[in-house]
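These notes are about the structure you will find just below.
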Amino acid sequence: MTTIPITTEYIKLQDLLKLSGAADTGGEAKVAVQEGEVLVNGAVCTMRGKKLRPGDVVTYQGEEYTVSHAAP
């Protein structure tokens, strides 16, 4: 599992995919989400603007990414 630290209240799903390197481009992230290839907390999510907060877990192509607060 890869931890993605954020300094804001939330990060949008497509932005997390880009930031983590799971998707090379925003377009790739958009298509993956819209085609139902991404799970959020174990459920398929097709909302690319889904707000993810610390503790949320995203699964894409067999990899898991968890959102956490960045250390100050």
### Within residues 41-58 or reaching into it, pairs that qualify as salt bridge (Lys or Arg N to Asp or Glu O under 4.0 Å) - sequence neighbours excluded
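Passing the test, one end in residues 41-58: Glu9-Arg53.
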### Task
Scan residues 19-34 for pairs that pass salt bridge (Lys or Arg N to Asp or Glu O under 4.0 Å), counting only residues two or more places apart or in two chains.
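Those involving residues 19-34 do not exist here.
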### Query
Who pairs with Glu35 by salt bridge (charged side-chain N to carboxylate O under 4.0 Å, His left out), at least two apart in sequence or on another chain?
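For Glu35 there are no salt bridge (charged side-chain N to carboxylate O under 4.0 Å, His left out) partners, ignoring immediate neighbours.
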Shared-cluster residues of [X], by chain and number - hydrophobic side chains joined below 4.5 Å:
X     : answer
Val57 : Met1
Val67 : Ile4, Ile6, Ile11, Leu13, Leu16, Leu17, Leu19, Val33, Val38, Val40, Leu52, Val58, Tyr60, Tyr65
Val44 : Leu39

### Which atom of Lys18 lies closest to which atom of Ala29, heavy atoms considered
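Taking every non-hydrogen atom into account, CG-CB, 4.4 Å.
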### Task
Taking all heavy atoms of Thr59 and all of Glu64, pick out the closest pair and write down the distance.
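It is OG1-CG, 3.6 Å.
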### Task
For Ala70, enumerate each residue passing the side-chain contact (heavy atoms from CB on, under 4.5 Å) test, keeping only those at least two apart in sequence or located in another chain.
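Testing Ala70 for side-chain contact (heavy atoms from CB on, under 4.5 Å), a comparison that skips the adjacent residues, returns Pro5, Thr7.
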